[in-house]
Every structure is written in C-alpha cells, then in structure tokens.
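Below you'll find the structure, written out as structure tokens, and then a few comments.
Chain A is the first sequence line, chain B the second, and so forth, proteins listed ahead of strands; every chain is numbered from 1. Computed from heavy atoms alone, side chains included, the values below leave out hydrogens, waters and symmetry copies. Just so we're clear, the structure is a prediction, and the values are computed from it rather than from any experiment.
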Number of protein chains: 2
Amino acid sequence: MAQDIRQLLQQQGVRLTRQRQILLELIDGSGRHLDADSLYLLAKEKDPKINRVTVYRTLKLLKQGGLVDELDLMHFNGEQHYYETRSKQEHAHIVCLRCGKVEEFFGEPLERLRRQVETKLGFQILIARTEVGGYCSECQIARAREISEVTRKPTAKPNHASG
Amino acid sequence: MAQDIRQLLQQQGVRLTRQRQILLELIDGSGRHLDADSLYLLAKEKDPKINRVTVYRTLKLLKQGGLVDELDLMHFNGEQHYYETRSKQEHAHIVCLRCGKVEEFFGEPLERLRRQVETKLGFQILIARTEVGGYCSECQIARAREISEVTRKPTAKPNHASG
DNA sequence: GTTAGTGCAAACCTTTTGCAGCTCT
DNA sequence: AGAGCTGCAAAAGGTTTGCACTAAC
C-alpha cells in the first residue's frame, strides 16, 4: 500500500501535499504502468488545477528516493517513461510491440544475473532493468494473418479486387 | 566488419550512400557506444556537410532493419539513445552512474531468461535489453571517500567526530 | 532517368527551469 | 513564520517532418 511510501517520505523530510498524495495513489493503485502524461490526466480528474510540472517534479522526487522505478518499455509507444512503485521482487517487463500489453516476468535468471554482476565485476547495483520486446502469443497469430493478407499479391486474380 | 551490414542493406534495396557508409564505419568501428550527437560530430569530421537529420534517419533505418540495437544505458547522462551493431551474443550493459563506464556482461542467465520467456509466456522475442546501473569497483571507493568528507560536519569537533 | 536519399528549416514531444505566490508544519 | 511546494510561462534537449534539390543505381 501507498502507506509505506508515505512514511518513508515523511522520514526524508518531504512534505506530503495534496498533489503528491493524489499521484502516489495513482501510481500505486492503478494496475498498469503509467507515463507522466496519463498520470497528469488522471490526477486532473481529482484535482483540476494540478500542473504537469508538479507531476514531473513528484516523479523525480520518488525516483530519487528509490520509491518508484522508471521504465522505458522498449519505447514501444514513444519516448515517455513509465512508472511503477519499486517492488522487492525483481522482474522483467515483456512488452508486446503490437498490442502494447506488458507482462511481468519473475524468475531465477534475474537473481542469478544480479549475483554474477556483483561478484564477477565487483559492481554495486542500484538499479537493474530488463525489458523484452516482441509479440505476445495472440499477436503472433494476428500478425501471421496480416502478413499473409499483404503477401497475397493484388496482380493476381482480379476476381473481387480493389474496386 | 561493416561489410556484412552493407550486403544486408543492399539486399533490402537500400542505397549505400556516402553518408551511410561513414555512419556505418563509425558505429561499427568505434569501440564505444555512441549517441546520435556524438555520431553526428564524428561524421562531420569526415564530411563537414553531413546533417544531423541524416544521422537520425540512418539510425532509424538500421534499427528497423535489425542491424543496430538501441540502448538507453540507464539514462545515466540524459535522454539520448546509444547504438551498437547487433551482435549474435546477447549481453547486458552495466553502467557506472558515477564515471559513466559501460561494461558488457555475457552469461547464461541471459540465455536462460530468454528461453524461459519464450516457453513460459509463448512470447516471440525480437529485442531484449538488460541494463544495470550502479557503481563500478573504483567508484565505490571514490564515493566512500566523498561521503565521508561530506559527513564530517564543520560544526562538530574536528578531532574524529560523527563517529 | 527514376526513385530514394539529403539538407535545411521548422515543428514536435517530453521534460526542465525561473520565479512569484501559496501552503504545509 | 518560514522553508518547501505549486503553478505558470517559457526554455531546453532530443528527434521528426515537409519540401525542394541531389545522387545512387
């Protein structure tokens, strides 16, 4: 719950303003990964006077405090960043480049990787991010259909062609 | 060598212009990860008339053709993207957030992860990217020094305070 | 000789900054 | 009361687009 985050913030001497409460609720509450713009739009429903800049400033704050993680989701839909509250369980984000669905993948390979980087390189990890782009099972089928439609050349049988 | 890439491009009916040759050389030849701006600056040394836009267009082309991979390198230095010629061997990028050094990490965890995502989710992977941010071994030491300097409060006993 | 590619200027999108006024503690 | 935070306007950074000209095949 966002409750934990609130306490952490207070400890850091950060004021818990109305705007920040709204944004925290949204990031933590919505089941999906929101970007700054979506977040702004949603926040505006609760407080029509809230400003985009406040959204950016809050996200920066939460990011720096290690309370949220920033994702790119393979830039599948532009250059925005997406946000999620930092969870204890490391996971990869699997992004369908056709429908945009994002699946989370948990598993030992991620922990193994982390350990190996720490021991083999003597690296101190602060953030780790694994993103995978491709096609989800549904979209693989849909794409196969689409491609076969395109491949069917229009120069062939003009039976019921383009017009 | 960039030779392979050239052939692939020709196959795709893409013209191999002077500008593209220069950019290919640079991406493939420089031992580091270049962003569009660095690439532009370097290309300008070889062809002072080359335009930034051409750099962006070429990168997009190579990206779409699957010939180069785009990296974010944890946005350790802004929002640019970095590029590398796509290698057969999957690897993670380990970025030091203090000195900016980028290490490449090869290992089974990455292949395991890939296989698991494919089998467990039935996902068709086109691109995968693992980026890790933190401090390299040298910078861990440097940071420890920096922090202890800051922690030494000027108001306290200068003897061996904050202990 | 076509058609794809280039350069230039200007637009675009996301994010940041400067500053005056507001508000949380 | 005072530092911290907000909103507004404007700027910044990175990238894309429209269009006329140029060059690769």
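- Under 4.0 Å is where a charged nitrogen must lie from a carboxylate oxygen, and between A:R98 and A:E146 at least one such pair does.
- A salt bridge links A:K101 with A:E138: the distance from a Lys NZ or Arg NE/NH1/NH2 to an Asp or Glu carboxylate oxygen falls below 4.0 Å.
- For C:dT14, neither phosphate oxygen OP1 nor OP2 lies less than 4.0 angstrom from any side-chain nitrogen or oxygen of A:H81.
- Put simply, CD on B:Q80 is 13 Å from C1' on C:dT15, counting in whole angstrom units.
- The backbone N or O of A:M74 lies less than 3.5 Å from a partner atom in the side chain of A:E131, making a donor-acceptor pair.
- Relative ring orientation between B:H75 and A:H75 is described as perpendicular, the plane-to-plane angle rising above 60° on a 0-90° scale split at 30° and 60°.
- Contact check of residues 35-46 of chain A against DNA chain D (heavy atom, cut-off under 4.0 Å) returns no residues at all.
- For B:D37 and B:R52, the salt-bridge test passes: some basic side-chain N is under 4.0 Å from an acidic carboxylate O.
- Checked by atom type and distance alone, the side chain of A:D47 pairs as donor or acceptor with a backbone atom of A:K49 at under 3.5 Å.
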> Taking protein heavy atoms under 4.0 Å as touching, what does nucleotides 3-9 of chain C look like 5' to 3' if B marks base contact, S marks sugar-phosphate-only contact and - marks none?
Replying inline: BBSBBBB
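- Salt-bridge formation is not detected for the pair B:K63/B:D69: no Lys NZ or Arg NE/NH1/NH2 atom is positioned less than 4.0 Å from an Asp or Glu carboxylate oxygen.
- For DNA chain D, the contact window with chain B, defined by any atom under 4.0 Å from a protein heavy atom, covers D:dG14 to D:dC25 in 5' to 3' order.
- Of the side-chain N and O atoms in A:Y56, none sit less than 4.0 angstrom from OP1 or OP2 of C:dT16.
- For A:F106 and A:H91, the distance between ring centers is under 6.0 angstrom.
- At least one donor-acceptor pair closer than 3.5 Å links the side chain of A:T58 to the backbone N or O of A:T54.
- Counting heavy atoms from C-beta outward, A:T85 and A:L67 have side chains that stay 4.5 Å or more apart.
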